[in-house]
Amino acid sequence: MMARAYLTSFTLQWKIGLRYRIAVLAGLVAQMWFGAVTLMAYAAVYHHAPDVQAPLTLRQAMTYTWIQQSLFTLLPLGCLPAIGEAARTGAIVYDLLRPVDLWNWWLSSSLARLLGNAVPRAILLACVAGPLAALVGLKDWSLAPPASALAALFALLSFGLGALLSATIMMWWNVLTARTLSPLGSYAIATPLSVLLSGMLLPLPLYPGWASIALLVQPFAGIADIPIRIYLGAAIPGGIGTALGLQLCWLAILTVLGRRWLSRIVERMEVQGA
């Protein structure tokens, strides 16, 4: 019965994410534009420094950029909008009264919201930046296929873990919103952290050696950077096993600590309008 409740929550948020088709198309155009500008910048840098031994080839950097752009809406850029509104109005009390585990209830909604926004855009962008770009003569700038069949399999597993990790990080923003009774704080903290630490501004392998390793072991790298590296067949310190282990480790840590934090917040929660 509990599993059915969480599935219902997931389904409702998934449908909400699929509802705004115009927003999906507008987001696709914006991401294609920013992706194209970024590719031109990489092409200029790589062509003017051909002797530099970069961690990624130009082709890999371009593919990294396309995948990152397609997964932009998978980033935990703030709390779940419904929770932010409920915290502001006091309607959050309804979630507290439900006979379900509050963490799993919000987690299923957060995961559905992220996937409902990201999956349609990712599919559309993959089609445009992949085969369509190759057909019009832009093969060198298009989305490259996986490094191998095995890389594709492990990348698919890693992308799934990345989505779950992103939803878990969003849960922390949900709890913060429940504590502050406003979503503004979560957006102010989450957006810069997610964009910078996920590799959206610059692929994490392209940072200096010491910074690249430090950035690899932080949780935001597990959302997209690690899956993309596996997809590309790029070198990962410790190999694929270590990369997947990092994702699982952060999932466990953030879940255990997040549950404890949520329990303390619920015990002391002050509801708007109460």
Novice: Using the side-chain hydrogen bond (donor to acceptor under 3.5 Å, both in side chains) rule, take Arg259 and Asn104 through it: C-alpha gap first, then chi angles, then the decisive distance, then the call.
Specialist: CA-CA 10 Å; Arg259 278 183 170 276; Asn104 289 337; 3.0 Å; yes

Novice: Rounded to the nearest 0.5 Å, how far apart are CG of Leu157 and CD1 of Ile240?
Specialist: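 Between atom CG of Leu157 and atom CD1 of Ile240 there are 10.0 Å.
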
Novice: How close do Tyr46 and Leu56 get, counting heavy atoms only, and between which atoms?
Specialist: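 So the two residues come closest at OH-O, 2.7 Å.
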
Novice: If I take atom CG from residue Asn174 and atom CG from residue Leu262, how far apart are they, to the nearest 0.5 angstrom?
Specialist: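 CG of Leu262 is found 9.0 Å from CG of Asn174.
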
Novice: Would you name the heavy atoms of Ser198 and Tyr64 that are closest together and state the gap between them?
Specialist: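 Here Ser198 and Tyr64 meet closest at O-OH, 4.1 Å.
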
Novice: Evaluate side chain to side chain contact (heavy atoms under 4.5 Å, CB included) for Leu244 paired with Ser158, printing each intermediate quantity in order.
Specialist: CA-CA 7 Å; Leu244 296 176; Ser158 188; 3.8 Å; yes

Novice: Going through the checks in order, is the side chain to side chain contact (heavy atoms under 4.5 Å, CB included) test met by Ile236 and Leu216?
Specialist: CA-CA 9 Å; Ile236 302 176; Leu216 177 63; 4.2 Å; yes

Novice: Less than 4.5 Å apart, side chain to side chain, heavy atoms only: is that true for Pro203 and Asp225?
Specialist: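 No, too far: nothing below the 4.5 Å cut-off.
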
Novice: Taking the side chain as C-beta and beyond, is there a heavy-atom pair between Thr57 and Leu232 under 4.5 Å?
Specialist: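 No, side chains not in contact.
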
Novice: Answer yes or no: is there a donor N or O on one side and an acceptor on the other, between the side chain of Thr63 and the main chain of Gln60, under 3.5 Å?
Specialist: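 Between the backbone of Gln60 and the side chain of Thr63 there is no qualifying donor-acceptor contact (under 3.5 Å).
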
Novice: Heavy atoms, side chains only, cut-off 4.5 Å: are Trp106 and Leu80 in contact?
Specialist: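 No, side chains not in contact.
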
Novice: Please determine whether the number of non-hydrogen atoms from other residues, nucleotides or ligands lying under 6.0 Å from atom CZ of Arg264 exceeds 12.
Specialist: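 Atom CZ in Arg264 is not crowded, with 12 or fewer foreign heavy atoms closer than 6.0 Å.
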
Novice: May I ask you to decide if Gly162's main-chain N or O and Ser166's side chain share a donor-acceptor pair within less than 3.5 Å?
Specialist: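 No, Ser166 side chain to Gly162 backbone: no donor-acceptor pair under 3.5 Å.
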
Novice: Using 0.5 Å steps for rounding, measure from the OG atom of Ser109 to the CE atom of Met171.
Specialist: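 Here the interatomic distance stands at 9.5 Å.
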
Novice: If every non-hydrogen atom of Ala221 is compared with every non-hydrogen atom of Leu215, which pair is closest and at what distance?
Specialist: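 The answer is CB-O, 3.3 Å.
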
Novice: Hey, what do you get for CZ (Arg121) to CD (Gln69), rounding to the nearest 0.5 Å?
Specialist: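 The distance works out to 11.0 Å.
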
Novice: With side chain to side chain contact (heavy atoms under 4.5 Å, CB included) as the criterion, how do Phe72 and Leu77 come out once you've worked through the C-alpha distance, each side chain's angles and the decisive distance to 0.1 Å?
Specialist: CA-CA 9 Å; Phe72 179 77; Leu77 301 175; 4.0 Å; yes

Novice: Taking the inter-plane angle between the rings of Phe220 and Trp173 on a 0 to 90° scale, is it parallel (under 30°), tilted (30 to 60°) or perpendicular (over 60°)?
Specialist: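 Aromatic pair Phe220/Trp173 classed parallel.
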
Novice: Would you tabulate the side-chain donor-acceptor contacts of residues 133-153 under 3.5 Å, counting partners in other chains and residues two or more places apart, or write 'none'?
Specialist:
{"residue": "Ser142", "atom": "OG", "partner": "Lys139", "partner atom": "O", "Å": "2.7"}
{"residue": "Ser148", "atom": "OG", "partner": "Ala151", "partner atom": "N", "Å": "3.1"}

Novice: Once rounded to the nearest 0.5 Å, what's the spacing between atom CD1 of Ile228 and atom CD of Gln68?
Specialist: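 With rounding to 0.5 Å, CD1 (Ile228) is 4.0 Å from CD (Gln68).
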
Novice: Let me check something: do Leu184 and Ile265 share a hydrophobic cluster, defined by ILVMFWY side-chain heavy atoms less than 4.5 Å apart, either directly or through other members?
Specialist: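 Different clusters: Leu184 never reaches Ile265 through Ile, Leu, Val, Met, Phe, Trp or Tyr contacts under 4.5 Å.
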
Novice: Tell me, do Pro76 and Ile223 make a side-chain contact under 4.5 Å, heavy atoms counted?
Specialist: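 Pro76 reaches Ile223 side chain to side chain.
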
Novice: Taking all non-hydrogen atoms of both residues, which atom of Ile92 and which atom of Ala178 are closest, and how far apart?
Specialist: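 So the minimum-distance heavy-atom pair works out to CD1-CB, 3.9 Å.
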
Novice: So, for Ala163 and Leu115, which heavy atoms are closest and what is the spacing to 0.1 Å?
Specialist: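 Closest heavy-atom pair between Ala163 and Leu115: CB-CD2, 3.9 Å.
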
Novice: Between Gln247 and Pro219, is there a side-chain heavy-atom distance shorter than 4.5 Å?
Specialist: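 In short, these two side chains do not touch, never coming nearer than 4.5 Å.
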
Novice: Shared ILVMFWY cluster between Val256 and Val175, side chains joined below 4.5 angstrom?
Specialist: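 Per the 4.5 Å side-chain linkage, Val256 and Val175 are not co-clustered.
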
Novice: Taking the side chain as every heavy atom from C-beta outward, state whether Leu75 and Leu71 have any atom pair closer than 4.5 Å.
Specialist: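 When only atoms from C-beta onward are counted, Leu71 and Leu75 do not touch, as no gap falls below 4.5 Å.
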
Novice: With no hydrogens and no angle check, do the side chains of Gln31 and Ser70 hold a donor and an acceptor under 3.5 Å apart?
Specialist: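 No pair is found: no donor N or O on one side chain lies under 3.5 Å from an acceptor on the other.
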
Novice: Do Thr168 and Trp250 touch side chain to side chain, with heavy atoms closer than 4.5 Å?
Specialist: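 Contact flag for Thr168/Trp250 side chains = no.
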
Novice: For the atom pair OH (Tyr187) and OG1 (Thr191), what is the distance rounded to the nearest 0.5 Å?
Specialist: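 Between atom OH of Tyr187 and atom OG1 of Thr191 there are 8.5 Å.
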
Novice: May I ask whether Leu156 and Leu251 are part of the same hydrophobic cluster, defined by side-chain heavy atoms of I, L, V, M, F, W, Y residues being less than 4.5 angstrom apart, directly or through others?
Specialist: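 No, Leu156 and Leu251 fall in different hydrophobic clusters.
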
Novice: Would you say Met62 ends up clustered with Val45 if hydrophobic residues are merged whenever their side chains have heavy atoms under 4.5 Å apart, either directly or through other cluster members?
Specialist: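 No, Val45 does not connect to Met62 through the hydrophobic network.
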
Novice: Linking I/L/V/M/F/W/Y whenever any side-chain heavy atoms sit under 4.5 Å apart, do Ile123 and Val29 land together?
Specialist: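 Result: no, two separate clusters.
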
Novice: Decide side chain to side chain contact (heavy atoms under 4.5 Å, CB included) for Leu204 and Tyr207; before the verdict, give the C-alpha distance in whole Å, the side-chain angles of both, and the deciding distance to 0.1 Å.
Specialist: CA-CA 6 Å; Leu204 300 187; Tyr207 282 84; 3.9 Å; yes

Novice: Grab the two heavy atoms, one from Met170 and one from Leu114, that are nearest each other, plus how far apart they are.
Specialist: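 Scanning both residues, the minimum pair turns out to be CE-CD2, 3.5 Å.
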
Novice: Check whether any side-chain heavy atom of Leu176 lies under 4.5 Å from a side-chain heavy atom of Cys79, and answer yes or no.
Specialist: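 The answer is no; the side chains never approach within 4.5 Å.
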
